[in-house]
Amino acid sequence: MTPLPESERVLIFDFGSQYGQLIARRVREQNVFCQIVRHDLSAARVAELKPRGLIFSGGPASVYAPGAPKCDPAVFDLGIPVLGICYGMQLACQILGGEVKPSAAREFGRAHCRVTDADGLFVGVPKDTVVWMSHGDQVQTVNGEFLPLAATDTCPVAAVRHRTRPVYGLQFHPEVSHTPQGGLILKNFLQQVCGCQGLWRMESFIERTVNDLRQRIGTHRVICGLSGGVDSSVTAALLVRAIGPQVACIFVDNGLLRQDESAEVERTFRDNFHADLHVVDARERFLKALAGVTDPQEKRRIIGHVFIDVFKDEARHIENARFLAQGTLYPDVIESGASVDGPAATIKTHHNVGGLPKDLGFDLIEPLKDLFKDEVRRVGLELGLPEPTVWRHPFPGPGLAVRCLGEVTAARLETLRQADAILLEELAQAGWYRQTAQAFAVLLPVQSVGVMGDGRTYENVIALRAVQTDDFMTADWSHLPYELLAQISTRIINCVSGVNRVVYDISSKPPATIEWE
C-alpha cells in the first residue's frame, strides 16, 4: 500500500496573506500534502504533527509594528526546514538576528532578480529571472547569520538562507503565476530541502478514505445531501464505494435548478451507481416561500430555511441514520474561519459548511475537507463519475434564484433556464466550456424596447457571464470570440420567448463578484 500522505506533511503558517490558499495549491501540485495552520501554532504542536517542512506566508503587517503576528520562536529549534515568503522571510530573519526596516523604494509588481547562489532553492533557475514583489519593508542586515541568495535593483536581499539552520527566505512571491520560476523554487524546497517524494496521490487518498469511512460508520446509515454539483456528487460516489446501500442520498428539487438537472442526477446515481436516492419534489414549496421577494439576502435566507425543513422531513424516513455527509472542501473550511489550527478570517458562509443546523442530531462526515476543487475532480474521475458531472461549472446553493434578479416566479425561472441551457450548449459545442471556469445567464429585472417583425416589443434582457479563474478568489471575464457571442445571442433571442436583448458582462472580480446577487 502507498505510504500515507501525512508522512510528508507540510504546514503553511498563515500570517494573513491573500495568497495563503494559493501557496497550498502550489504545494499540492507537487503531490505533497499540506495544511494551513495558525501563525502562532506552538512548537510542541508542530512537533506532534511531524511535518517535513514549514512555510511562512506573507501578510499585510510590518514585523516591527505593535501587535504584528509572530510565530513561536521555538519552531526554529525543531530542525524542521522553514521557507519564509515576504512577511514570513522578514519574521524569520528578525527572530534569528536580522534587521527589518522600511525600504527606500517599495516594490510592487514584476522585478528582475539576479540569482547569486544556485544551491538549494535555485537549482535549475536561470541566473536572471522575473519575480513578483509586493512589499514596503525588507531585510536590511543579516548580521552574518544569513547568506544572500538573490537580489533585485532595489532589494539587495531578495532571498536568503541561514548559515547553520535549514531556514530559507524569499522576499518575492513564488506562488503566483507572475513568478515564472516560482513552481520550480517551491519544488526545490519540497524535494531538495525537505526531502519530500510526492506521495499525495488521488488513488491513495481514495483507498485510505474508503477504509476510514468503513471503520467510522460501521453498520449505521449515512445521509448525504446531494445537490447535483461536483462536490456533493463526488462525496456521494465515495460513500457508495465505501458502504454501498448504507448511504441514502437526498436530492431536493427546489425548482431553482438548471435544465434537466434533476433527471441527470437520477441517471447518474440511481441507474449507474444504484444508490438509494430520495428525490424530493419541493418546487411549489420553494416558489410559494419566495413569492414577492426581491432582496438577494432575503432570498438566500428563505431558501436556506425551506431547504432545512424539507431535508429534515425526508431524513426522518431513513432508519438507523447516524451520520450526515457534506461536500465541504478545503477552501470552504478556510474561508469560513474553521480550518484546523487556523484563525482564518470568515469571508463568507458556505451552504455546505454552516447551512445545516447542529440540532439535526447527526454526526458530520466531510470526506473531501482536505481537498481543493481540482483534486476533487480527479477523485470523481477515479470513482467513475461521468465527465459532464465532474467538469460541471459551480452552481450557487440558492440556484437560479440569485440569477433571476428581482421576483422569482415559475415563468421567469423558465425563461432564465432556457437561456442558460443555450449558453452552456453553445460553449460546449465551440470547445469553450472547459476553457471557462464558470458561465451562466442572468435574467435582469428590467425590460427593453425592441423590434420583431413589424412590431415594437418591450421584453426581457438576458446578461451572459463567463469568467476565467484558478481559485475563484479573483477572476477575469472570458474573452469569448465575437462570432460565438453573436451566435449565442441570436439563438437566445430566437428561441426563448419574451427575450429581445442579450448583453455580455465584462467585469472582473474584484471589484465585481462572479454572481450578480
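Note that the structure is predicted; figures quoted are calculated from it, not measured. Counting begins at 1 with the first residue of the sequence.
- Side chain of Asp14 to backbone of Ile36: no donor-acceptor contact under 3.5 angstrom is found.
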Output, in order, the C-alpha distance, side-chain angles, deciding distance and verdict of side-chain contact (heavy atoms from CB on, under 4.5 Å) for Phe395 and Glu261.
-> CA-CA 11 Å; Phe395 192 57; Glu261 191 153 20; 4.1 Å; yes
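- Here the side chain of Glu175 pairs no donor or acceptor atom with the backbone of Val27 at under 3.5 angstrom.
- Using a 4.0 Å cut-off between charged side-chain N and carboxylate O, Glu382 and Arg241 make no salt bridge.
- Atoms SG and CZ, from Cys196 and Arg9 in turn, are 12.0 Å apart once rounded to the nearest 0.5 Å.
- For the pair His479 and Trp432, the tightest heavy-atom approach, listed with the atom from each and the gap, is O-CH2, 3.7 Å.
- Just one residue in the list Phe13, Tyr168, Tyr87 forms a ring pair (Phe, Tyr, Trp, His ring centres under 6.0 Å) with Phe56, and that residue is Phe13.
- Looking only at distances, a side-chain donor or acceptor of Thr116 sits under 3.5 Å from a matching main-chain atom of Leu149.
- Side chains of Ser233 and Leu226 form a contact here, defined as non-hydrogen atoms less than 4.5 Å apart.
- Counting only N and O atoms by type, the side chains of Gln171 and Gln90 include a donor and acceptor under 3.5 Å apart.
- In this structure Arg300 satisfies the salt bridge (Lys or Arg N to Asp or Glu O under 4.0 Å) test with no other residue, sequence neighbours excluded.
- A pairwise comparison of heavy atoms in Ala401 and Glu517 identifies O-OE1, 3.8 Å as the closest pair.
- A donor-acceptor pair under 3.5 Å is absent between the side-chain atoms of Arg52 and the main chain of Leu190, judged by distance alone.
- The shortest distance between side-chain heavy atoms of Val75 and Ile80 does not fall below 4.5 Å.
- Summarising the geometry of Ala475 relative to Thr469, their closest heavy-atom pair is CB-CB, 3.8 Å, with the distance given to 0.1 Å.
- In terms of heavy atoms, Cys71 sits closest to Leu91 at N-CD2, 3.8 Å.
- You'll find the side chain of His178 stays beyond 4.5 Å of the side chain of His173, heavy atoms only.
- Lys50 contributes atom NZ, which lies 13.0 Å from atom CG of Leu78 (distance to the nearest 0.5 angstrom).
- A cation-pi contact, defined as under 6.0 Å to the ring centre and within 45° of the axis, links Arg403 to Phe440.
- Here the straight-line distance linking atom CG of Leu239 with atom SG of Cys249 works out to 7.5 Å at 0.5 Å rounding.
- You'll find the side chain of Leu121 reaches within 4.5 Å of the side chain of Leu170, heavy atoms only.
- Side chain of Thr436 to main chain of Tyr433: a donor-acceptor pair is present (N/O by atom type, distance under 3.5 Å, no hydrogens or angles).
- For the atom pair CG (Asn211) and CD1 (Ile206), the distance works out to 12.0 Å, reported to the nearest 0.5 Å.
- For the side-chain hydrogen bond (donor to acceptor under 3.5 Å, both in side chains) test with Trp200, the passing option among Gln30, Glu375, Glu29, Glu8 is Glu375; the others fail.
- Residues Ile185 and Phe122 are in side-chain contact: their nearest non-hydrogen atoms beyond the backbone lie under 4.5 Å apart.
- Taking the salt bridge (Lys or Arg N to Asp or Glu O under 4.0 Å) definition, one finds that Lys187 meets it with nothing, sequence neighbours left out.
- Ring pair Phe311/Phe307 is tilted by interplanar angle, where 30° to 60° counts as tilted.
- Remark: side-chain polar atoms of Ser62 are not paired, donor with acceptor, to backbone N or O of Ala65 under 3.5 angstrom.
- Between Trp516 and Arg465, the closest heavy-atom pair is NE1-CD, 4.2 Å.
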Full working for side-chain contact (heavy atoms from CB on, under 4.5 Å) between Leu199 and Ser204 | CA-CA 8 Å; Leu199 303 177; Ser204 59; over 6 Å; no
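- Residue pairs meeting the side-chain hydrogen bond (donor to acceptor under 3.5 Å, both in side chains) criterion with at least one member in residues 65-83, sequence neighbours excluded, are Lys70-Gln94, Asp77-Arg165.
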Hey, mind stepping through His112 and Val130 against side-chain contact (heavy atoms from CB on, under 4.5 Å) and telling me if it holds?
-> CA-CA 5 Å; His112 288 281; Val130 174; 4.0 Å; yes
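- Two residues are said to be in side-chain contact when any heavy atoms from C-beta on lie closer than 4.5 Å; Arg28 and Phe33 meet this criterion.
- Going from atom CG of Asp476 over to atom NZ of Lys509 covers 13.0 Å, rounded to the nearest 0.5 Å.
- Residue Arg110 holds its CZ atom at 15.0 Å from OG1 of Thr152, rounded to the nearest 0.5 Å.
- Residues Val252 and Ile250 meet the side-chain proximity criterion, which asks for heavy atoms closer than 4.5 Å.
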Verdict with reasoning, Leu83 to Leu186, per side-chain contact (heavy atoms from CB on, under 4.5 Å) | CA-CA 9 Å; Leu83 174 64; Leu186 287 173; 3.8 Å; yes
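- Counting heavy atoms from C-beta on, the side chains of Glu145 and Cys93 never come closer than 4.5 Å.
- Side-chain atoms of Gln438 come within 3.5 Å of backbone N or O of Pro394 as a donor-acceptor pair.
- With Ser227 contributing its side chain and Ser232 its backbone, the two residues share no donor-acceptor pair below 3.5 Å.
- More than 12 non-hydrogen atoms from other residues, nucleotides or ligands lie less than 6.0 angstrom from NE2 of His220.
- Heavy-atom minimum distance, Ala150 versus Cys113: CB-SG, 3.6 Å.
- Judged by distance alone, the side chain of His39 and the main-chain N or O of Ser57 form no donor-acceptor pair under 3.5 Å.
- No donor-acceptor distance shorter than 3.5 angstrom exists from the side chain of Arg392 to the backbone of Gly229, with no hydrogens or angles considered.
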